Amino acid sequence: MRKLWAVLKREYRETVRKPSFLVMTVLAPFLLAALMVVPALLAVKGMGERRVAILDGTGRLGGIAAVLESPEGKAPFARGAGAGRGGTPAGKIAPEYVNLFAVDPKNAVGPYLARLASEGTPKDQLLDGVLLVPADAFERPITSLTYFSRSAVDLLAQESLGRVVNRLLQRERLSARGLEPSEVELLLAPLPVRTVQVTKSGQERTGGEGNFLVAMVFMALLFIPSLVYGQEVMRGVIQEKTDRVVEILVSSMTPMELLSGKILGMAAVGLTQIAVWMTMAGLLLGSGLSQAQAAGLDLSAVLRPVVAIWFVVFFVLSYLVTVGAYAAGGSIVSSEKEAQQVLTPVMIVFMVPWFLMMPILTSPDSNLSVVLSLVPIYTPMTMFIRILVSEPPAWQVALSLVLSVATIAFLLKATAKIFRAGLLATGKRPTIPELWRWLKEA
Amino acid sequence: MSQVLSVLDVVKHYGKVKAVDGVSFQVAAGRITGLLGRNGAGKTTTLRMITGVLHPDRGRVELFGAGVAEARDRLGYLPEERGLYRKMRVLDHLLFLAEIKGRSPAAMRPSAERWLRRFELWEKRDGKVEELSKGNQQKVQLAGALLFDPELVILDEPGSGLDPVNVVLVRRLLQELAAEGKAILLSTHQMGEAEKLCDEIVLVHDGKVVKAGPLAEVRASGGRDAVHLEFEGEAAFLAQLPGVGSARIDTNRAELRLEAGADAQEVLAAAVGRLRILRFEVVAPSLEEVFLEAVGGAPAEVAA
């Protein structure tokens with residue numbers, strides 16, 4: 001036990017002292033945030049100030065510019081990710097209204113389409129899109145709007161314009177039937193959907209939308225440190241072999257003590273990191289929670305205290321499973337170069353819950369989710385997500401815990417055996433039969 | 001003289017190759033025992049079985065009357081391929097090496113500092129291991145094997161990679177430790193070094209012990225003495241003298257190997273009449289000669 005402690009202490013101290021640890025701990029949250037927010041921002045930013053010519057064959061959509069300016073006209077995506085409700089107008093469309101009533105569009109459209117081409121058009125004349133509303137838009141329900149654009153996937157502008165024009169058409173059609181504008185508004189008013197999760201214990205929880213975001217953050221927290229420090233442990237194991245330190249270590253303790261010490265030491269590093277991140281998140285949330293609530297995300301429903309406890313439990317378990325598997329990998333290969341080849345398939349195997357996050361989140365009690373949450377190497381992560389968004393039966397949670405512990409014990413034991421046998425077998429990677437023999441022999 | 005270590009008929013295979021084939025010997029407190037043999041004779045494999053790095057396929061190793069696992073904390077080990085964590089600081093590393101031998105790092109600090117001073121590494125105690133020269137890294141490793149005061153010290157090729165000054169330093173150190181009553185087992189392929197250092201010799205060849213015992217006995221077991229002569233005169237006749245097995249005769253020097261039972265005095269008497277003798281010396285055969293005789297190899301192979 002004392003030796004295990006010595007190894008644990010050494011791993012912890014030497015890792016935490018490395019500059020890379022500090023960088024990772026401080027920068028990772030920002031990187032992660034950037035990874036999630038930047039693409040969304042860029043997508044929204046990409047459609048900032050889009051100049052669109054609206055060629056109105058009906059001559060009755062003159063109010064479109066005003067509607068596009070109002071909150072109703074903003075792209076829903078931009079509203080959610082970029083700015084919060086009623087924030088800055090991200091993804092703004094600058095309309096150029098052209099009344100083409102009683103004009104033959106065949107001739108009139110040409111010059112506007114020409115202004116889509118970036119060559120030969122002065123910058124202030126350049127258009128990003130041209131929307132053609134046919135003259136018979138009010139009369140014939142089977143006609144269509146045409147949107148011309150340089151880009152084939154200008155989806156946000158398309159969706160936003162289509163929605164606004166359709167809304168105007170609806171209003172005009174209803175007004176034409178003699179309805180008062182106020183009646184029209186009442187008829188067209190959309191109702192938002194409020195999600196209420198009814199738990200098995202009969203409680204009602206609102207704010208399910210926040211689950212998704214929180215689940216993603218938690219999954220990243222479960223995944224990233226395990227993968228990073230799993231590789232660290234693997235590298236450490238390989239280095240001990242190539243530097244021959246291992247001979248001294250194994251002559252002083254059992255391989256089991258050595259590996260347990262290493263893996264637990266790394267787990268302590270991971271927990272330290274998580275604690276730092278949690279503190280950072282806590283400080284941020286202190287100021288951000290009210291904002292999130294204002295934005296309609298009630299996170300208190302997901303961030304229950306019990307979640308924190310389960311998180312620590314499953315973090316430790318998933319961490320030990322992943323890191324144990326990496327240590328096993330490290331004990332088989334003899335060089336870091338070789339490890340890279342082994343690493344990729346291992347990574348993909350471990351990423352399965354990540355790829356399946358959507359189906360698990362949306363139906364946490366489906367067969368897929370239940371099975372995945374009881375497969376040894378996936379159980380800690382999947383079960384935690386299920387606990388987060390649903391209420392899995394107690395026996396399944398208990399089974400998950402037992403399976404995780406058994407997997408860890410098995411991995412440690414197997415690794416310890418391979419470790420001793422593979423200790424001096426440098427040079428060539430063992431074949432499967434050789435590995436099997438090592439497992440039985442040692 | 002108490003036996004500290006008993007190796008009892010150990011066998012180790014690597015796949016189909018038999019690296020160690022029934023080796024037995026003992027190591028006593030206060031003595032320096034040398035495990036001698038060529039490269040690939042099975043020395044390192046034997047030491048690894050003693051230190052618990054490898055399990056023997058057959059036979060067993062007793063340390064202080066117990067199994068290897070129970071007694072490993074009483075044993076200091078300097079492996080052939082030296083291994084230290086490159087990024088660790090020197091003093092931290094020494095304390096870690098003591099800690100994995102079950103000692104408290106706080107209690108071992110004075111000892112670690114003493115060894116660093118003795119090896120002239122005191123100034124470098126806070127530097128990283130990788131910043132040290134190779135020779136200094138060896139000294140750190142040796143200090144790590146000794147600082148927790150083990151009763152048995154096992155060194156695999158302690159002289160390799162050391163400069164002559166450090167070789168002498170290590171030789172003195174080991175003699176000192178033996179005088180303190182510690183048991184020392186070292187492996188080497190340098191017979192000359194072993195002759196200067198060892199009290200007991202275990203000669204291994206092809207995984208088997210070919211000769212073992214106190215140094216003097218092993219050398220004497222070579223039986224045939226060697227005669228070294230320096231002279232003036234025509235000496236070709238020396239090779240034909242009765243009792244002379246082989247002879248190498250130069251202009252004024254000759255080395256004769258006597259046949260079993262031959263008397264060096266008769267050779268001297270025969271030579272005195274016909275040569276002017278400047279020097280006449282009867283020497284026991286060197287360890288190298290004994291070894292070569294035992295395994296029947298050519299000298300060139302030993303140098304490898």
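Quick caveat, the model's predicted, so the values are computed rather than measured. So you know, we letter chains A, B, ... as the sequences are listed, proteins then strands, and number each from 1.
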#### Entry: salt bridge (Lys or Arg N to Asp or Glu O under 4.0 Å) partner of A/E11, the single match among A/K262, A/K18, A/R235
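Single salt bridge (Lys or Arg N to Asp or Glu O under 4.0 Å) partner of A/E11 among A/K262, A/K18, A/R235: A/K262.
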#### Entry: Any side-chain donor near an acceptor of the partner, B/D9 and B/S24, under 3.5 Å
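No - no donor-acceptor pair under 3.5 Å links their side chains.
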### Message
Could you check whether B/Y14 and B/T45, counting side-chain N and O atoms only, form a donor-acceptor pair closer than 3.5 Å?
### Response
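A donor-acceptor contact under 3.5 Å links the two side chains.
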Select one option (side chain, backbone, both, neither) describing which atoms of [X] are under 4.5 Å from chain A's heavy atoms.
X: B/I50; answer: neither
X: B/F96; answer: side chain
X: B/I100; answer: both
X: B/R103; answer: backbone

### Message
Can you classify the ring geometry of A/Y326 versus A/F350 as parallel (below 30°), tilted (30 to 60°) or perpendicular (above 60°)?
### Response
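The rings of A/Y326 and A/F350 lie parallel, inter-plane angle below 30°.
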### Closest non-hydrogen atom pair between B/L36 and B/K43, with its separation
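Where B/L36 meets B/K43 most closely, the heavy atoms are C-CD, 4.0 Å.
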### Task
Check whether A/K9 gets within reach of chain B through its side chain, its backbone, both or neither, counting any heavy atom under 4.5 Å.
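For A/K9, side-chain heavy atoms alone lie under 4.5 Å from chain B.
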